[in-house]
Amino acid sequence: MKISVLGAGSWGTTLACLLANNGHNVYLWEINEQAAQKLNEERVIPFIGGATIPKNVVISSDLNVVNETEAVLFVVPSHFLRSTVMSIKKLNIDLGKKLIISATKGIENETLLRVSQIIEEIYPETKNKIVALSGPSHAEEVSKQIPTVVTSASKNEELAIKVRDLFMNDYFRVYTQDDIVGVELGASLKNVFAVAGGIIDGLNFGDNTKAAIISRGLKELISLGVALGGKEKTFYGLSGVGDLMVTCFSKHSRNRNLGEMLAKGKTLEQAEKELKMVAEGVKTCKSAYQLGKNLNIELPIINQVYEVLFKNKDAKQAVYDLMTRTPKAE
């Protein structure tokens, strides 16, 4: 199959390589012409290095590559998704006739929409035809063909199976399910708790504290996720607790790394600049905070991360405030 991968960061390029290694013809789109040229010359996955980009991955800065393919995989940062889809629309490309896959994670700040909802808003003909690919998966490990397991989720079971078959191989296992709402929310919200996990590391706290963040973070994820239409059981799976664990613990997690830098005294601007890659948990935290307020749901960890990120609250004070909340039953 011919597949266009939109987004040439480490994850997008890694997935493009995986698909190429599975025998597909892949067009990898990078919005910046100079960056695309550099990637073409070096043929190495950006930021993480290591794996070589196969010859059957064509790198381009021309969005018309979408016209050449049967499937489109979105891996752009969530805050660039709307503008990317609008650019496709302006090219008069009919996305409704293509297999649409999203590996983009986030909740739009202004509208509080999930990724699939943004695409459906611009292309109504894609409603219930989008597949979300998500799970505990860092590019650094997938690019080295380290065994990884993810989820292919769609309201259309046939399309979820089709995406599973595109990606699955002996080191990348894919399960299917129908709760795209829960999978997209789990993929997005876990990044906020990863920032909290990084703060714990930056303050030199221990495993006890990290376990508390993960278990109580899962409680918040479920409370908000179910209120927004996800199924509770989804959050106990790969794109819920699985993704939450790997993102909170891993040295590869950009959101965890950002939280650690904040706890050590860097400003958000300094941390994001040093990180060089997009930490989706920052913008998602704004959306999650607002959703909690709109739905009147208690989200103490999310609220404290919000205070640290956007109100310059001291990280240690945020942990103290969590620990000294009014006693209650679990």
Side-chain angles (χ1 to χ4, degrees), residues 78-79 105-107 109 112 185-225 227 235 240-241 243-330:
S78 60
H79 52 286
K105 301 172 182 180
I107 302 171
N109 287 160
L112 303 181
L185 290 171
S188 302
L189 295 171
K190 55 91 180 178
N191 284 326
V192 182
F193 302 111
V195 175
I199 288 172
I200 296 307
D201 292 336
L203 293 172
N204 293 316
F205 291 153
D207 296 339
N208 294 353
T209 323
K210 183 71 73 72
I213 287 292
I214 291 174
S215 54
R216 295 306 299 172
L218 179 62
K219 174 68 168 59
E220 292 185 29
L221 198 161
I222 291 171
S223 296
L224 187 53
F235 302 109
V241 69
D243 218 351
L244 185 61
M245 288 175 65
V246 77
T247 322
C248 285
F249 279 111
S250 177
K251 63 183 179 181
H252 301 309
S253 170
R254 60 192 72 171
N255 293 283
R256 192 207 62 77
N257 289 337
L258 180 133
E260 185 173 358
M261 285 189 275
L262 293 174
K264 289 180 176 178
K266 292 186 185 295
T267 65
L268 177 58
E269 183 180 5
Q270 289 170 335
E272 288 186 311
K273 186 176 181 180
E274 186 173 324
L275 198 62
K276 296 181 181 177
M277 296 182 284
V278 175
E280 290 281 10
V282 175
K283 292 186 180 297
T284 299
C285 186
K286 276 189 179 180
S287 298
Y289 176 84
Q290 190 58 53
L291 284 166
K293 298 298 180 187
N294 293 352
L295 297 168
N296 196 28
I297 297 174
E298 190 177 20
L299 304 169
I301 298 174
I302 287 174
N303 292 345
Q304 290 299 329
V305 173
Y306 179 87
E307 293 283 332
V308 172
L309 287 173
F310 304 111
K311 301 295 183 179
N312 296 317
K313 186 170 187 175
D314 178 72
K316 199 165 189 176
Q317 183 64 46
V319 176
Y320 176 82
D321 288 348
L322 281 172
M323 293 297 293
T324 56
R325 292 171 63 241
T326 304
K328 58 186 290 187
E330 186 180 18

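To the nearest 0.5 Å, the span separating CD on E272 from CE on M261 amounts to 9.0 Å. Note that the CD1 atom of I199 and the CG atom of L258 stand 8.5 Å from one another [nearest 0.5 Å]. Separating the CG atom in D207 from the CD1 atom in I200 is a distance of 11.5 Å, to the nearest 0.5 Å. Atoms CG and CD, on L275 and Q270 in that order, are 13.5 Å from each other to the nearest 0.5 Å. Here NZ of K328 is found 10.5 Å from CD of E330. Values are rounded to the nearest 0.5 Å. In this structure, CG on L185 lies 8.0 Å from CG on L221, to the nearest 0.5 angstrom.
Taking 4.5 Å as the limit, every side-chain heavy atom of N255 sits out of range of all side-chain heavy atoms of T284. A heavy-atom distance below 4.5 Å is found between the side chains of K219 and R216. Looking only at side-chain heavy atoms (C-beta outward), L299 and L291 stay at 4.5 Å or farther from each other. In this structure, V308 and L268 have side chains that are not in contact, with every pair of non-hydrogen atoms separated by 4.5 Å or more. Considering only heavy atoms from C-beta on, V192 stays 4.5 Å or farther from I301 through its side chain. Contact check for Q304 versus K313: side-chain heavy atoms found under the 4.5 Å cut-off. Residues S188 and E280 are not in side-chain contact: their nearest non-hydrogen atoms beyond the backbone lie 4.5 Å or more apart. Contact of the F205 side chain with the K210 side chain is not registered, since no non-hydrogen atoms from C-beta on lie closer than 4.5 Å.
Considering every non-hydrogen atom in both S253 and A194, the closest pair reads OG-CB, 4.1 Å. Heavy-atom minimum distance, V278 versus R254: O-CD, 2.6 Å. Closest of all the heavy-atom pairs between G202 and K264 is O-CG, 3.8 Å. Minimum interatomic distance between C248 and D201 (heavy atoms only, all atoms of both residues): O-OD2, 4.4 Å. The two residues G292 and L224 come nearest to each other via the heavy atoms N-CD1, 4.5 Å. In terms of heavy atoms, A288 sits closest to L189 at CB-CD2, 3.6 Å.
Within a 6.0 Å sphere centred on CE of M277, heavy atoms belonging to other residues, nucleotides or ligands number more than 12. Within 6.0 Å of CG on N296 lie no more than 12 heavy atoms contributed by other residues, nucleotides or ligands. When the shell of 6.0 Å around OH of Y320 is examined, it contains 12 or fewer heavy atoms from other residues, nucleotides or ligands.
Judged purely by atom type and a 3.5 angstrom limit, Q290 has no side-chain atom pairing as donor or acceptor with the backbone of L112. Judged by distance alone, with hydrogens and angles left aside, the side-chain atoms of N109 form a donor-acceptor pair with the main-chain N or O of K283 at under 3.5 Å. No donor-acceptor distance shorter than 3.5 angstrom exists from the side chain of T247 to the backbone of K190, with no hydrogens or angles considered.
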(Q) L218 vs F193, test: side-chain contact (heavy atoms from CB on, under 4.5 Å). Steps then yes/no. (A) CA-CA 9 Å; L218 179 62; F193 302 111; over 6 Å; no
Q.
Let's go through N191 and D243 carefully: what are the C-alpha distance in whole Å and the side-chain angles of both, what is the deciding distance for side-chain contact (heavy atoms from CB on, under 4.5 Å) to 0.1 Å, and is it a yes or a no?
A. CA-CA 9 Å; N191 284 326; D243 218 351; over 6 Å; no
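A salt bridge links E260 with R256: the distance from a Lys NZ or Arg NE/NH1/NH2 to an Asp or Glu carboxylate oxygen falls below 4.0 Å.
For the residue pair D321 / Q317, a side-chain donor-acceptor distance below 3.5 Å is found, with atom types taken as modelled.
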